[in-house]
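Step one of this worksheet: look at the structure below.
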Amino acid sequence: MGHTATAEAGSGGLTATEHRLANGLRVVLSEDHLTPVAAVCLWYDVGSRHEVEGRTGLAHLFEHLMFQGSKQVHGNGHFELVQGAGGSLNGTTSFERTNYFETMPTHQLELALWLEADRMGSLLAALDDESMENQRDVVKNERRQRYDNVPYGTAFEKLTALAYPEGHPYHHTPIGSMADLDAATLEDARNFFRTYYAPNNAVLSVVGDIDPQETLAWVEKYFGSIPSHDGKLPPRDGSLPDVMGSEQRVVLVEEVPARALMAAYRLPHDGTRECDAADLALTVLGGGESSRLHNRLVRRDRTAVAAGFGLLRLAGAPSLGWLDVKTSGGVEVPQIEAAVDEELARFAAEGPTSEEMERAQAQLEREWLDRLGTVAGRADELCRFAVLFGDPQLALTAVDRVLDITAEEVRAAAEARLRPDNRAVLVYEPVATEQSESDSDEEEGADQ
């Protein structure tokens, strides 16, 4: 073990300690002996914001390649070994990171650590044309199933492209384009691994029924000999003005079951007090069936079947407030939009009531405690705060920061950001069917 930094902080009795191997790997441990399980989470500081033009989707493609075998584990062996030991596993890719995680019975923790170390240290030994083509096809099929061939499936991709200008590192989403997925070469993947999949570009957290000394000994044994790599370039600057300055709008006519109004508002960066205030504002306005928009559009006016407003937290670029309203029956989008703007303007002028503030803070507190209350959720949050904000201890005090926000800060966040000139808008109109066209003709004839 190289330099070791150990610190403790608590929230609801939770603690964490941080350590660092000589090769730069950061290790965060959190004991929890409530159940005989342990969670292993590994965050690599690489996401779609690190990609270059012409090679979008490479971070996500590589996430899939990490499950295609390594020097000691062939083919689908990673899944087979973890699931055969009674564990679960997966990996995900976002704008800002790629993570891998396992939840194991305590006595199988060493296996999970060995598996993660083996692919961090030796994936290139197994990466070949066959695995590359196999996973390229898997990712392309995932894009078809989740984006291209489902109603509203490309909304996130389109709104992101509107909210972040051309050339911005967040302009494209992690799924990537079909053309770029086809263009990716085996050498691209190998260079990607060499650059980003190094111990000094990662944080490993282990949470649960663990012995810290034994766990650290295993981490040193399996990860300690993996060399660091210094070739990584920092991601491109993602900063933008606080307000877009003008509304960006696209109308789509597609085969969707109902008209829809979707919008993305530019909000403060994650990790700031202003972002927490914006989160509370969106919770009051669109967080569940007690929210203002649900009560107005779904319950009172009955012009919508669903209305939600949530926050996509981002650290390296402005966060996004995500509005999603599906209309009811033949209701037109302008009617919905006028009601939404009316509610946002009223909220910006008056702010939340004391009851709304209390309910929103309780809702976010419950969500945070739910994440921290499971070993897998806590492991993920510890990694997130270590990678994005430099301090895993911040995960344990996030609840306190949300509860410290005032109603005036929430109102001010809405006034500053939830404005028509600070949003990208997507309007979905259903394709006219033969039946609806026939009905329209009959109505026109009756009027004459």
Side-chain angles (χ1 to χ4, degrees), residues 56 143-168 170-179 240-241 243-267 282 285-286 293-294 296-298 301-312 317-345 417-441 443-444:
T56 65
R143 181 183 169 90
R144 294 185 190 99
Q145 291 180 336
R146 294 178 54 194
Y147 290 78
D148 297 335
N149 297 335
V150 294
Y152 319 107
T154 58
F156 179 61
E157 188 174 46
K158 293 181 185 301
L159 272 180
T160 299
L162 288 174
Y164 301 112
E166 187 80 33
H168 190 274
Y170 291 68
H171 179 72
H172 69 278
T173 54
I175 193 66
S177 71
M178 284 292 196
L240 289 169
V243 175
M244 294 181 192
S246 63
E247 180 185 86
Q248 309 294 313
R249 180 179 292 258
V250 171
V251 178
L252 299 171
V253 180
E254 295 187 1
E255 292 184 0
V256 292
R259 293 186 178 95
L261 170 67
M262 300 185 189
Y265 291 77
R266 187 179 293 175
L267 296 177
L282 300 192
L285 287 164
L293 291 177
H294 185 90
R296 168 72 184 271
L297 300 173
V298 180
D301 296 354
R302 297 186 178 181
T303 54
V305 294
F309 210 172
L311 178 63
L312 173 62
S319 302
L320 291 182
W322 191 269
L323 175 73
D324 187 349
V325 182
K326 304 296 193 308
T327 67
S328 175
V331 175
E332 301 281 348
V333 168
Q335 182 180 352
I336 292 283
E337 192 167 3
V340 168
D341 285 344
E342 182 181 315
E343 291 299 325
L344 296 189
R417 302 298 189 106
L418 301 183
R419 304 161 23 178
D421 65 345
N422 188 39
R423 68 187 178 195
V425 176
L426 210 57
V427 174
Y428 279 91
E429 291 286 344
V431 175
T433 63
E434 292 183 9
Q435 180 63 42
S436 64
E437 290 172 355
S438 174
D439 292 343
S440 177
D441 291 342
E443 289 170 4
E444 289 173 5

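- The OG1 atom of Thr154 lies 4.0 Å from the OH atom of Tyr428; values are rounded to the nearest 0.5 Å.
- Here the closest heavy-atom approach between residue Val333 and residue Ala260 is recorded as CG2-O, 4.0 Å.
- Atom OG of residue Ser319 and atom OH of residue Tyr170 lie 9.0 Å apart, to the nearest 0.5 angstrom.
- The CD atom of Glu254 sits 11.5 Å away from atom CD of Glu429, with the distance rounded to the nearest 0.5 Å.
- Checked by atom type and distance alone, the side chain of Arg143 never pairs as donor or acceptor with a backbone atom of Met178 at under 3.5 Å.
- A 6.0 Å sphere centred on CZ of Arg302 holds no more than 12 heavy atoms belonging to other residues, nucleotides or ligands.
- Atoms NZ and CE, from Lys158 and Met262 in turn, are 11.5 Å apart once rounded to the nearest 0.5 Å.
- A side-chain donor-acceptor contact under 3.5 Å links Asn422 to the backbone of Arg417.
- Between Val325 and Thr303, the closest side-chain pair of non-hydrogen atoms is not below 4.5 Å.
- Considering all non-hydrogen atoms of both residues, Ala306 and Val298 come closest at N-CG2, 4.0 Å.
- Side chains of Leu267 and Leu418 form a contact here, defined as non-hydrogen atoms less than 4.5 Å apart.
- Nearest heavy atom pair, residue Val150 against residue Gln145, reads CG1-O, 3.0 Å.
- Of the possible donor and acceptor atoms, none in the side chain of Asp421 sits under 3.5 Å from a partner among the backbone N and O of Glu247.
- You'll find the side chain of Pro257 stays beyond 4.5 Å of the side chain of Lys326, heavy atoms only.
- When Val243, Leu320, Leu344, Leu282 are each tested for a side-chain contact (heavy atoms from CB on, under 4.5 Å) with Tyr265, only one passes: Leu344.
- Just one residue in the list Leu426, Leu252, Val256 forms a side-chain contact (heavy atoms from CB on, under 4.5 Å) with Tyr152, and that residue is Val256.
- Between His168 and Tyr164, the two ring planes are parallel [angle under 30°; tilted spans 30° to 60°].
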Go through the steps for Val331 and Asp301 under the test side-chain contact (heavy atoms from CB on, under 4.5 Å), then give the verdict.
CA-CA 11 Å; Val331 175; Asp301 296 354; over 6 Å; no
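- One finds a salt bridge joining Glu337 and Arg423 here, because a Lys/Arg side-chain nitrogen approaches an Asp/Glu carboxylate oxygen to under 4.0 Å.
- With Arg266 contributing its side chain and Pro241 its backbone, the two residues share a donor-acceptor pair below 3.5 Å.
- Counting all heavy atoms, side chain and backbone alike, Glu157 lies closest to Ile175 at OE2-CG2, 4.0 Å.
- Contact between Thr56 and Ser177 at its shortest, heavy atoms only, is OG1-N, 3.3 Å.
- In terms of modelled atom types and a separation under 3.5 Å, the side chain of Arg259 and the main chain of Pro430 share no donor-acceptor contact.
- We find the CG-CD distance between Leu159 and Gln248 to be 11.0 Å, quoted to the nearest 0.5 Å.
- In this structure, the side chain of His294 does not engage the main chain of Ala307 through any donor-acceptor pair within 3.5 Å.
- The CG atom of Leu261 sits 9.5 Å away from the CG atom of Leu297 when rounded to the nearest 0.5 Å.
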